[in-house]
Structures are given as C-alpha cells and as structure tokens.
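In what follows, a single structure is set out as structure tokens and then discussed.
Here, residue 1 is the first one in the sequence, and each next residue gets the next number. What you see is a predicted model, and the numbers here were worked out from it, not measured in a lab.
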Amino acid sequence: MTLRLILIRHAKSSWSDPMMADKDRPLNKRGRASAKAIGRWLATRSHEPGQVLCSSAERTRETWAKISDKLVAPPKAEYTDALYLAEPDVMLSELRLAKEPMVMMIAHNPGSAYMAQALVKQAPDHGRFQHYPTGATAIIDFPVADWSDVGWGTGEAVDFIVPRELI
C-alpha cells in the first residue's frame, strides 16, 4: 500500500494591518488567486485528499477554503493549533495520527519547507523546493500501510508546484 501526503504552505497573506495578530492575518489578493490555482491543479491531477490537517491560523484556513472550492468532494478540514508555526517534528507527529490514505496538510514556513526536505529520499528537480514559497505544494508518497510508519527520508517526491507557475 502507498500513502500520499499533499503538503502545502499557506498562500500569500496580507500585511495591510501591522497591528493585526499574526494568527489572524487573511490572504491577500494574490494569495486568494494562488490558492484557487493550486486547487485547480490538484483537481486536474486527481489529488483529492480524504483528510485535511490544517493550522488554525486564518491564512491557512482561507487557503483551504479556496483550494476546496475547486475539488470534487472536499472533506471537512481538521483545524489544529498544533500546526500553527509548527516545527517538522510536531508536523510529523500530527501526520502519524492521520487515518485516510491521502492526506493534505496546510501549514507554515519554515516548518513546511524543513518537513518536505526531511521527508523525501531525494528532492524533486525544482529550484523552489528548498525555499518552499507561499502556496508551494508537494505530493509525497510513502510505501507504508499506516501513517504511524512514516519517517524521515522515506518519502518519494511525486510532484511539486508553486503558484507562480500556474497563474
């Protein structure tokens, strides 16, 4: 059996209100367009998650809302404070609790970038993978039957895209 992770860094957020709490920042116009483009890209490749683990921050929630609008049968997201600005070890712990064979995780940097790099045996041939810009999306497969068996360096990078390539 193979399990699939769709690892997404939230789309571009707004800094228009410098007094707003970081967790409350929404997406900006470019971020909303990027999230919709990622949703379309996922749908055209049949990367439809059965489970969504999402940071509780406004920008990750809004990223999921825009992506899910483009999917055929989007599941209800599970929002968790544990993924807000999480380090890779915390993100992996959350992933190991997943139940569905295809899981989407929407989180933040630097955690998302470090996690993507640590999960794969070999990085995809893409200049933006190491930086993992806003909206970056990696598709990573694991040759295991249960998420609890996923470990560092065990994944295969199947696909990687950044919104700039789509819009």
Q) Is there a donor-acceptor contact under 3.5 Å from the side chain of S13 to the main chain of A11? A) no

Q) Among all residues two or more places apart in sequence or in another chain, which pass the side chain to side chain donor-acceptor pair (under 3.5 Å) test with Q51? A) E78

Q: Any chance you could measure S14, atom OG, to D24, atom CG, to the nearest 0.5 Å?
A: 12.0 Å

Kindly list each side-chain donor-acceptor pair under 3.5 angstrom involving residues 140-150, sequence neighbours excluded, with atom names and distances?
from: D141; atom 1: OD1; to: R4; atom 2: NE; distance (Å): 2.6
from: D141; atom 1: OD1; to: R4; atom 2: NH2; distance (Å): 3.3
from: D141; atom 1: OD2; to: R4; atom 2: NH2; distance (Å): 2.9
from: D146; atom 1: OD1; to: S148; atom 2: N; distance (Å): 2.9
from: D146; atom 1: OD1; to: S148; atom 2: OG; distance (Å): 2.5
from: W147; atom 1: NE1; to: E100; atom 2: O; distance (Å): 2.6

Q) Got a donor-acceptor contact below 3.5 angstrom from the D81 side chain to the A57 backbone? A) no

Q: Please examine the side chains of L5 and M105, heavy atoms only from C-beta on, and report whether any two atoms are closer than 4.5 Å.
A: yes

Q: Quick one: do S34 and I167 satisfy side-chain contact (heavy atoms from CB on, under 4.5 Å)? Show the steps, please.
A: CA-CA 7 Å; S34 294; I167 53 177; 3.6 Å; yes

Q: Report the relative orientation of the aromatic rings in F160 and Y132; use parallel for angles under 30°, tilted for 30 to 60°, perpendicular for over 60°.
A: tilted

Q.
Is there a side-chain contact (heavy atoms from CB on, under 4.5 Å) between W152 and K121? Walk through the geometry before answering.
A. CA-CA 8 Å; W152 302 123; K121 290 179 224 168; over 6 Å; no

(Q) Looking at R45 and D159, is any side-chain nitrogen of the basic one under 4.0 Å from a carboxylate oxygen of the acidic one? (A) yes

Q: Show your working on side-chain contact (heavy atoms from CB on, under 4.5 Å) between L71 and L42 and close with a plain yes or no.
A: CA-CA 8 Å; L71 302 179; L42 291 168; 4.2 Å; yes

Q: May I ask you to check whether H10 and T134 show a side-chain donor-acceptor distance below 3.5 Å?
A: no

List the atom pairs, donor and acceptor, that lie under 3.5 Å between side-chain atoms in residues 83-95 and the rest of the protein, sequence neighbours left out.
from: Y84; atom 1: OH; to: D22; atom 2: OD2; distance (Å): 2.4
from: Y84; atom 1: OH; to: K23; atom 2: N; distance (Å): 3.4
from: S93; atom 1: OG; to: D89; atom 2: O; distance (Å): 3.0

Q: Answer yes or no: are there more than 12 heavy-atom neighbours, outside Y114 itself, under 6.0 Å from its atom OH?
A: no

Q | Derivation and outcome, side-chain contact (heavy atoms from CB on, under 4.5 Å), residues N109 and H131 | A | CA-CA 9 Å; N109 259 7; H131 179 253; 5.9 Å; no

Q) Do you know which two heavy atoms are closest between T60 and A107, and how far apart they sit? A) CG2-O, 3.9 Å

**Q.** Atom CZ of R96 with >12 non-hydrogen neighbours under 6.0 angstrom
**A.** yes

(Q) How about CG on D125, more than 12 heavy atoms from neighbouring residues, nucleotides or ligands closer than 6.0 Å, or not? (A) no

Q | Side chain to side chain, S56 and T80, heavy atoms closer than 4.5 Å | A | no

Q: Nearest 0.5 Å please: distance from the SG atom of C54 over to the CZ atom of R59.
A: 11.0 Å

Q. Does G151 offer a backbone N or O that forms a donor-acceptor pair with the side chain of T154 under 3.5 Å?
A. yes

Q | Closest heavy-atom pair and its distance - I8, G135 | A | CG2-O, 4.4 Å

